[in-house]
Amino acid sequence: MRRALSSGTTLAAIILVAMYIVYMYSSIDVLTTENATDLLNNAAPLVISATGLTLVIVVGGFDLSLGGVVTLANVILATQTGGTTGSAAVGVLLALLAGVVVGALNGFLVAYLNVQSIAATLGTFIMCSGLALVIMPSPGGSVPEFISPGLISSVGPVPVSLLVILACVVAYLAFRRTRMGIHIFAVGLDESAAIQSGIKAAAVKFRVYLAAGLLYAVAGVMLSALTASGDPNGSAVFMVLVFAAVAIGGAKFGGGRGSAIGSILGAGVLAVLQKMLFAVGVSTFYTGIFQGAILIVAVLIGMISLRLGETRPRAVTTDQRALTGRPA
Amino acid sequence: MTAISAHSVRRSLPALSGQTGYILLLFGVTALLMPLSRFVSPSLGSWSTVSAILVISSMLVLVGFGQGLVILVGELDLSIASVIALTGVLTTAWLGESPSLVTFLEILAIAVLIGVLNGIGVTVLKVPSFIMTLGSQLIVAGIALGYTKGTVPGTTPRFLGDLMLGKVLGVPTPILLLIGIAVVGFVIQRYTVFGRRLYAVGGNRATAAIAGVHVNRMIVGAFAVSSLCAALTGMLLVGYGGGATLGMGDGYFLPSIAVVVVGGSSILGGRGNYLGTVAATIFLQTISTLIQALGISQGWQTFIYGCLIIAVVGLLKRDLATKAGRLLTRPGKS
């Protein structure tokens with residue numbers, strides 16, 4: 001029981017279910033397909049970025065460039081004026097390319113120049129914000145139809161955003177079992193031990209930042225589908241929500257522990273919360289207060305669950321035991 | 001024995017002179033940039049431009065001091081933008097018509113309270129500082145928005161307008177303020193017990209605790225000072241801009257970190273010199289004035305800011321800056 005509680009994923013799942021039940025009582029038409037699709041659409045960008053950020057946090061870093069990449073992807077799409085599917089594809093490719101470039105720069109700075117991740121990604125975040133303003137000096141424009149409403153509609157009965165969320169879950173579960181998936185936990189737990197057991201820590205970190213950059217760009221595309229227009233300074237609140245999602249999911253800031261599944265559930269909690277506040281009729285003036293409070297409370301909950309886990313010394317997973325070479 | 005002590009002396013000396021050299025380098029480049037900027041546009045480089053740069057710097061230098069102390073103990077304060085906005089709003093709303101010392105102190109007390117809460121969250125609850133202060137940034141911004149319902153009430157108190165737009169013996173008062181803040185800040189950080197303990201906490205918390213420093217109190221103190229500086233900046237901004245807006249602090253959030261990092265302080269804490277922050281502030285303001293004169297947009301300006309931060313943290317990491325500084329202070333000996 002304690003083991004289950006100590007897992008951030010379980011805790012996030014419990015909170016999500018509890019919140020959803022409260023939400024169901026707060027409004028009559030919660031269970032309509034339309035409402036469910038809406039909720040999934042809101043959650044999708046959070047889910048994708050939270051998956052990327054979790055990887056960075058597991059490897060022991062932090063990534064502020066997330067907000068910059070999301071904004072950059074958004075303004076790139078909003079300035080694609082062609083209107084055809086072709087120009088939309090060009091826009092998406094450019095957006096993803098931007099994410100990869102920024103991720104590579106982060107990775108290079110952190111992994112090979114040993115710059116502290118907060119400082120390096122603060123720099124790239126500011127760079128991205130600047131570039132976003134250059135591409136699009138003031139909010140406006142519209143994204144190609146292929147993106148919006150394309151990515152927030154449904155394929156048959158299944159919403160596109162549900163497919164995207166499921167893809168994140170499946171991809172992460174598969175990734176965790178790969179060699180690289182094990183290595184990121186090793187590097188995050190104890191970098192020098194990982195290096196001594198033959199893991200190329202710098203290469204692992206570089207690839208994590210690269211992958212995270214790409215995921216943020218994908219999240220930016222999904223977010224653009226939701227907003228349908230461009231905003232060069234619109235990412236601050238989104239970024240905070242992603243931090244909160246990862247914190248609720250139980251990832252440990254400092255590295256070595258965390259699960260994208262937990263973060264994805266955390267993103268779900270926040271998406272439901274937004275809907276619930278709206279349904280209950282809280283003025284938008286005060287949304288910020290709730291979001292700030294949730295962020296802090298989420299981290300506290302995460303830490304309490306970690307502490308519950310630490311009271312049992314045998315709560316070391318098989319993966320970790322194999323990595324640290326400690327006998328069972 | 002002598003070999004060891006000679007070695008340790010040699011190790012500590014270049015580090016010190018390197019940092020001083022780096023700060024001198026920043027000041028020197030800035031001093032060169034000012035007259036050279038005449039080549040870019042004839043209107044630049046005049047006394048009025050230089051004085052405008054220094055007047056604007058006086059506010060960033062103040063925020064940079066508080067942020068610098070928080071960075072010195074190894075944390076970050078991301079809440080300053082909304083503290084600036086909230087105090088700005090309260091200044092026009094409460095102080096505008098009938099300025100009184102009590103109200104003035106009340107506003108500062110609110111800011112200090114926010115800082116103390118940040119500090120308690122970081123030390124007692126052990127929430128990572130960027131999460132804690134990002135949370136309080138959202139909460140404080142929400143309070144400011146909820147209090148004003150979108151439109152800021154009140155007017156600018158006259159004494160603040162006089163302070164920020166007035167002159168003493170032909171010198172704009174903000175420039176005198178800038179010099180005062182630089183001197184006081186440098187002395188507080190370098191020579192007071194409070195400042196020295198902050199270095200100790202930032203260098204190694206366990207060692208500081210063993211040496212009898214109340215680590216948690218020091219960290220709470222740093223956050224409180226940071227909030228206080230942000231509040232005073234909010235007031236200065238009201239005087240300078242002739243009013244308050246909800247977004248008035250936004251332009252200080254990232255630059256406050258940028259000036260500390262570009263000024264040569266370690267983002268990990270334990271190392272830094274306030275004069276470096278002052279130099280970096282004037283340097284970055286000069287650069288942005290130059291960029292504006294070149295007709296480059298706000299976006300490119302922000303982009304260049306980002307590049308500068310990356311360049312500096314990259315350089316400092318590789319100790320190239322220290323080497324450059326050594327070249328400057330001890331020519332021919334490197």
Side-chain angles (χ1 to χ4, degrees), chain A residues 62 64-65 68 75 105-106 108-109 113-137 232-233 236-237 239-241 243-244 246-247 252-254 283-300 302-304 307, chain B residues 71 76 78-79 81-82 117-118 121 125-150 247 250 253-255 257-258 261-262 266-268 296-318:
Chain A
F62 199 75
L64 290 168
S65 74
V75 296
L105 183 56
N106 287 334
F108 174 70
L109 288 167
L113 291 188
N114 284 322
V115 175
Q116 234 245 334
S117 61
I118 289 188
T121 56
L122 176 71
T124 49
F125 169 60
I126 299 177
M127 278 171 68
C128 290
S129 313
L131 278 182
L133 273 172
V134 170
I135 295 171
M136 192 173 197
N233 353 287
V237 171
M239 190 156 80
V240 174
L241 289 177
F243 293 166
V246 173
K252 188 180 159 209
F253 293 93
S283 158
T284 46
F285 286 142
Y286 300 105
T287 324
I289 299 181
F290 279 95
Q291 285 165 340
I294 294 253
L295 175 63
I296 295 169
V297 171
V299 177
L300 282 175
M303 285 182 344
I304 292 166
R307 205 162 297 162
Chain B
I71 289 177
L76 268 181
L78 307 184
S79 71
S82 59
L117 289 177
N118 279 337
L125 302 179
K126 297 199 176 9
V127 178
S129 63
F130 59 91
I131 298 275
M132 184 65 210
T133 53
L134 211 54
S136 58
Q137 144 87 13
L138 284 171
I139 295 172
V140 173
I143 293 172
L145 182 64
Y147 176 69
T148 58
K149 301 266 186 257
D250 295 355
F253 164 40
L254 293 172
I257 301 169
V261 173
V262 174
S266 163
I267 191 94
L268 294 170
I296 296 174
S297 67
Q298 174 73 33
W300 284 116
Q301 204 178 317
T302 315
F303 178 75
I304 292 171
Y305 250 92
C307 293
L308 274 172
I309 292 185
I310 290 176
V312 169
V313 291
L315 280 176
L316 289 180
K317 202 72 206 177
R318 319 212 93 193

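Chain A is the first sequence line, chain B the second, and so forth, proteins listed ahead of strands; every chain is numbered from 1. Keep in mind that this is a model prediction, so the values were computed, not measured.
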Nearest 0.5 Å please: distance from the [atom1] atom of [X] over to the [atom2] atom of [Y].
X: L78(B); Y: L64(A); atom1: CG; atom2: CG; value: 7.5 Å
X: I310(B); Y: N106(A); atom1: CD1; atom2: CG; value: 7.5 Å
X: F303(B); Y: C128(A); atom1: CZ; atom2: SG; value: 9.0 Å

Under 4.5 Å from a heavy atom of chain A, the part of [X] involved:
X: L308(B); result: neither
X: I309(B); result: side chain
X: I304(B); result: neither

> Which pairs with one or both residues in residues 126-135 of chain B pass side-chain hydrogen bond (donor to acceptor under 3.5 Å, both in side chains), sequence neighbours excluded?
Replying inline: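 The answer is E75(B)-S129(B).
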
Between [X] and [Y], which heavy-atom pair has the shortest distance, and what is it?
X: V134(A); Y: S297(B); value: CG2-OG, 4.2 Å
X: G306(B); Y: I126(A); value: N-CG2, 3.6 Å
X: I131(B); Y: I296(A); value: O-CG1, 4.5 Å

Any side-chain heavy atom of [X] sitting closer than 4.5 Å to one from [Y]?
X: L138(B); Y: I289(A); value: no
X: W300(B); Y: L131(A); value: yes
X: Q298(B); Y: P137(A); value: no

>> Holding to side chain to side chain contact (heavy atoms under 4.5 Å, CB included), I want the full list of residues that pass it with F290(A), two or more places apart in sequence or in another chain.
In response: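 Result, side chain to side chain contact (heavy atoms under 4.5 Å, CB included) vs F290(A): L277(A), V282(A).
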
> Pick from C307(B), G121(B), A141(B): which one has the most heavy-atom pairs with chain A under 4.5 Å?
Replying inline: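 Heavy-atom pairs under 4.5 Å are most numerous for C307(B).
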
> Quick one: what part of I118(A) sits under 4.5 Å from any heavy atom of chain B, side chain, backbone, both or neither?
Replying inline: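 For I118(A), side-chain heavy atoms alone lie under 4.5 Å from chain B.
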
> Non-hydrogen atoms of chain B under 4.5 Å away: do they reach the side chain of A119(A), the backbone, both or neither?
Replying inline: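 It is both, since atoms from each part get that close.
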
